Amino acid sequence: MLLSSRASLVVLDLSRVTLRRIRLPLKAPFEISSGRVNDRSITLVTVESSDGAVGWGECVAGETPNYSSETVHSTWHAMREWVVPRVLRADVTRARDIHAVVQRDFRGNLMAKAAIEMACWDLEARLRDIPLARLLGGVRPEIETGISLGIQPSPDALAAQAAAAVDVGYRRIKLKIKPGTDIDYVEAVRETVGPDVALSVDANGAYCLDDAAHLAQLDRMHLLMIEQPLAAGDLVRHSRLQRELDTPICLDESITCVEDAEDMVTLGSGRIVNIKAGRVGGLASALAIHDFCRDTGVPVWCGGMLESGIGRGHNVALASLPNFSLPGDVSPSARYWERDIVIPEWEMNRGLVTVPNAAGIGVEVDVDRVDTLTTQLETIER
Ligand code: OSB
Ligand code: MG
């Protein structure tokens, strides 16, 4: 059949969904203000259409509820009990329509919803035989890559890691901070890398408004942004804090839907948005936030959740959209894993990751390796 006529006939026509839990050890532990991970426990999702085509997704929830309230356990439950049955029952023909289906009378559980929704986007792109980036409206052939460095035992240790990251070409260095592990750490890094390297910090909500004067010391370090200094729900307090700081605030955890981004702009709670499709319920929601921010002049960038090569593929495709104008947390596979679960692995050259031209997320899943790593498996039929 001609590709063009096939594309016009594409319907998702889902027949089954499979959840697989895998364990994937990180090369090095990763510590943020609220906790540390050594190994990732990841739920992978496949959605199958009646003709046997498969789309892959990855749930970004962690093992503990320290970044968000969702966990690898709560999302498995939400997917098998609610998200998957609902999506299998709905006569949805396009991935962009899944979001409305899973949002109706169904609160929260955005990471569980996103994992299924994103697998449907990969499936649709594969059915149409086009890259996911093109299906999403991406325009960039390659994306600029930043690195997120976890909390280290000393300022010198952090500065050494930052210097090494600059040497391999990363376009922006992000430092995780928390009270007690902040000003002197950032200062050491700035002194080591010099004034021209793009630096940012991410507190994952570890501060309160009373810390405003303390955080204002960061202004002299000339940071690109300070990410999520206060708690996720603190949009009003973030706007008060932003008025005390020269450094732009970037919101991550606070933004779960396009309305949150609208509120951020209305209140002046921040000037930059970190978009993670997993955090906002999927790619349709990520696109809505992207478009709103583009229309409002708010730069966005693509965040990361220590994804395997599957979630990374979705991130790379998303980051190819026009308003992703700042480097994303989209490091290559070798930053995280001895060996990734996709072929080819994600690579970075001079701080750039190439957006694949192959269909879907553009890399193949190493299914044998996934099978070897699988600790829990469940298939839900239509
Ligand atoms: O806040 O961006 C964050 C990792 C886990 C939880 C939260 C965050 C992060 C990162 C990692 O910063 C970025 C990456 O995937 O490399
Ligand atoms: Mg963050």
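Since we're looking at a predicted model, the values are computed, not measured. Quick note: residue numbers are just sequence positions, from 1.
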Inset, instruction - Establish, yes or no, whether a centroid distance under 6.0 Å links the rings of Trp56 and His314. - result: no
Inset, instruction - Starting at CG of Leu110, measure out to SG of Cys257 and round the result to the nearest 0.5 Å. - result: 8.0 Å
Inset, instruction - Say whether, by atom type as modelled, one donor and one acceptor occur between the side chain of Thr374 and the main chain of Val370 under 3.5 angstrom. - result: yes
Inset, instruction - On the 0 to 90° scale, with breaks at 30° and 60°, tag the Phe106-Trp82 ring pair as parallel, tilted or perpendicular. - result: perpendicular
Legend entry - side chain to side chain contact (heavy atoms under 4.5 Å, CB included) partner of Leu215, the single match among Leu209, Ile226, Ile249: Ile226
Legend entry - Short side-chain donor-acceptor distance under 3.5 Å, Asp219 and Thr247: yes
Legend entry - Polar side-chain atom of Glu70 near backbone of Ala61 as donor-acceptor pair, under 3.5 Å: no
Inset, instruction - Determine, stepwise, if the pair Arg369 / Asp366 fulfils salt bridge (charged side-chain N to carboxylate O under 4.0 Å, His left out). - result: CA-CA 5 Å; Arg369 179 158 157 74; Asp366 184 345; 5.2 Å; no
Legend entry - side chain to side chain contact (heavy atoms under 4.5 Å, CB included) between Val17 and Glu48, worked out: CA-CA 6 Å; Val17 176; Glu48 283 179 62; over 6 Å; no
Legend entry - Shared hydrophobic cluster, Val353 / Leu318 (ILVMFWY, side-chain heavy atoms < 4.5 Å): yes
Inset, instruction - Identify the two heavy atoms, one from Pro85 and one from Met79, that lie closest to each other, and give their separation to 0.1 Å. - result: CD-O, 3.6 Å
Legend entry - Test item: Asp211 side-chain N/O and Tyr207 main-chain N/O as donor-acceptor pair under 3.5 Å: no
Inset, instruction - Answer yes or no: are there more than 12 heavy-atom neighbours, outside Arg237 itself, under 6.0 Å from its atom CZ? - result: no
Inset, instruction - Show your working on salt bridge (charged side-chain N to carboxylate O under 4.0 Å, His left out) between Lys176 and Glu31 and close with a plain yes or no. - result: CA-CA 8 Å; Lys176 290 291 186 179; Glu31 185 172 336; over 6 Å; no
Inset, instruction - Decide yes or no for Thr71 and Thr64: does some side-chain heavy atom of the first lie under 4.5 Å from some side-chain heavy atom of the second? - result: no
Legend entry - Under 3.5 Å: donor-acceptor pair, side chain of Thr296, backbone of Val298: no
Legend entry - Step-by-step salt bridge (charged side-chain N to carboxylate O under 4.0 Å, His left out) determination, Asp122 to Arg126: CA-CA 6 Å; Asp122 180 45; Arg126 288 179 195 263; 2.9 Å; yes
Inset, instruction - Output the distance between atom CG (Leu283) and atom CG (Leu132), rounded to the nearest 0.5 Å. - result: 6.0 Å
Inset, instruction - Would you mind reporting whether Arg171 and Met348 have side-chain heavy atoms less than 4.5 Å apart? - result: no
Inset, instruction - Answer yes if the side chains of Ser15 and Ser50 hold a donor-acceptor pair under 3.5 Å, and no otherwise. - result: no
Legend entry - Salt-bridge contact Arg279-Glu253 (side-chain N to carboxylate O under 4.0 Å): no
Legend entry - Verify same cluster id: Leu326, Val316 (apolar side-chain graph, 4.5 Å): no
Inset, instruction - Locate the shortest heavy-atom distance separating Cys120 from Ile98; write the atom from each residue and the value. - result: SG-CD1, 3.8 Å
Inset, instruction - Verify whether one side chain among Trp76 and Glu378 offers a donor that lies under 3.5 Å from an acceptor in the other. - result: yes
Legend entry - Heavy-atom neighbours of His214 NE2 exceed 12 at 6.0 Å: yes
Inset, instruction - Answer yes or no: is there a donor N or O on one side and an acceptor on the other, between the side chain of Arg312 and the main chain of Glu307, under 3.5 Å? - result: yes
Inset, instruction - Report yes if some heavy atom in the side chain of Tyr185 is under 4.5 Å from a heavy atom in the side chain of Ile177; otherwise report no. - result: no
Legend entry - Listed once per pair and sorted, the side chain to side chain donor-acceptor pair (under 3.5 Å) pairs that draw on residues 344-361, sequence neighbours left out: none
Inset, instruction - Indicate, with yes or no, if Val265 and Val236 share a hydrophobic cluster defined by side-chain heavy-atom contacts under 4.5 Å among Ile, Leu, Val, Met, Phe, Trp and Tyr. - result: yes
Inset, instruction - Give a yes or no answer on whether the side chain of Glu142 reaches the backbone of Arg140 with a donor-acceptor pair at less than 3.5 Å. - result: no
Legend entry - Test log, rule side chain to side chain contact (heavy atoms under 4.5 Å, CB included), inputs Leu135 and Glu124: CA-CA 9 Å; Leu135 184 59; Glu124 181 174 339; 3.9 Å; yes
Inset, instruction - Show your reasoning for whether side chain to side chain contact (heavy atoms under 4.5 Å, CB included) applies to Tyr67 and Asp252. - result: CA-CA 10 Å; Tyr67 169 82; Asp252 173 350; 2.6 Å; yes
Legend entry - Worked check of side chain to side chain contact (heavy atoms under 4.5 Å, CB included) between Leu24 and Asp39: CA-CA 6 Å; Leu24 205 54; Asp39 297 345; over 6 Å; no
Legend entry - Check: Met111 and Ser68 side chains under 4.5 Å, non-hydrogen atoms: yes
Legend entry - Which atom of Val101 lies closest to which atom of Ala90, heavy atoms considered: CG1-CB, 3.8 Å
Inset, instruction - Using a 4.5 Å cut-off on heavy atoms from C-beta on, say whether the side chain of Ile147 contacts that of Ser331. - result: yes
Legend entry - Contact check, side chains of Leu287 and Leu136, non-hydrogen atoms, under 4.5 Å: yes
Inset, instruction - Could you pull out the closest heavy-atom pair between Cys250 and Val273, with the gap in Å? - result: SG-C, 4.0 Å
Inset, instruction - With rounding to the nearest 0.5 Å, note down the distance linking OG in Ser269 to CZ in Arg243. - result: 9.0 Å
Inset, instruction - For residues Thr43 and Arg20, determine if any side-chain heavy atom of one lies less than 4.5 Å from a side-chain heavy atom of the other. - result: no
Legend entry - Donor-acceptor under 3.5 Å (Glu63 side chain, Arg40 main chain): no
Inset, instruction - Could you list the residues that satisfy salt bridge (charged side-chain N to carboxylate O under 4.0 Å, His left out) with Arg86, not counting sequence neighbours? - result: none
Inset, instruction - Using atom types as modelled and distance alone, determine if a side-chain donor or acceptor of Ser254 lies under 3.5 Å from a backbone N or O of Leu251. - result: no
Legend entry - Spacing of OG belonging to Ser333 relative to CG belonging to Asp340, to within rounding of 0.5 Å: 3.5 Å
Inset, instruction - Apply ring pair (Phe, Tyr, Trp, His ring centres under 6.0 Å) to His238 and list each qualifying residue two or more places apart in sequence or on a separate chain. - result: none
Inset, instruction - Check the surroundings of atom CZ in Arg96: do more than 12 heavy atoms from other residues, nucleotides or ligands lie under 6.0 Å from it? - result: no
Legend entry - Leu14 side chain reached by Arg382 side chain, heavy atoms, under 4.5 Å: no
Inset, instruction - Search all heavy atoms of Leu224 against all heavy atoms of Ala198 and return the closest pair with its distance. - result: CD2-CB, 4.1 Å
Inset, instruction - With rounding to the nearest 0.5 Å, note down the distance linking NE2 in His222 to CG in Leu218. - result: 12.0 Å
Inset, instruction - Is it possible for you to say whether Ile272 and Leu223 belong to one hydrophobic cluster, with membership spreading through side-chain heavy-atom contacts below 4.5 Å? - result: no
Inset, instruction - Say whether, by atom type as modelled, one donor and one acceptor occur between the side chain of Arg335 and the main chain of Ser148 under 3.5 angstrom. - result: yes
Legend entry - Arg172 (side chain) donor-acceptor with Pro327 (main chain) under 3.5 angstrom: yes
Legend entry - Same apolar cluster: Met225 and Ile183, side chain cutoff 4.5 Å: no
Legend entry - Shortest non-hydrogen contact from Asp329 toward Tyr336: O-OH, 4.2 Å
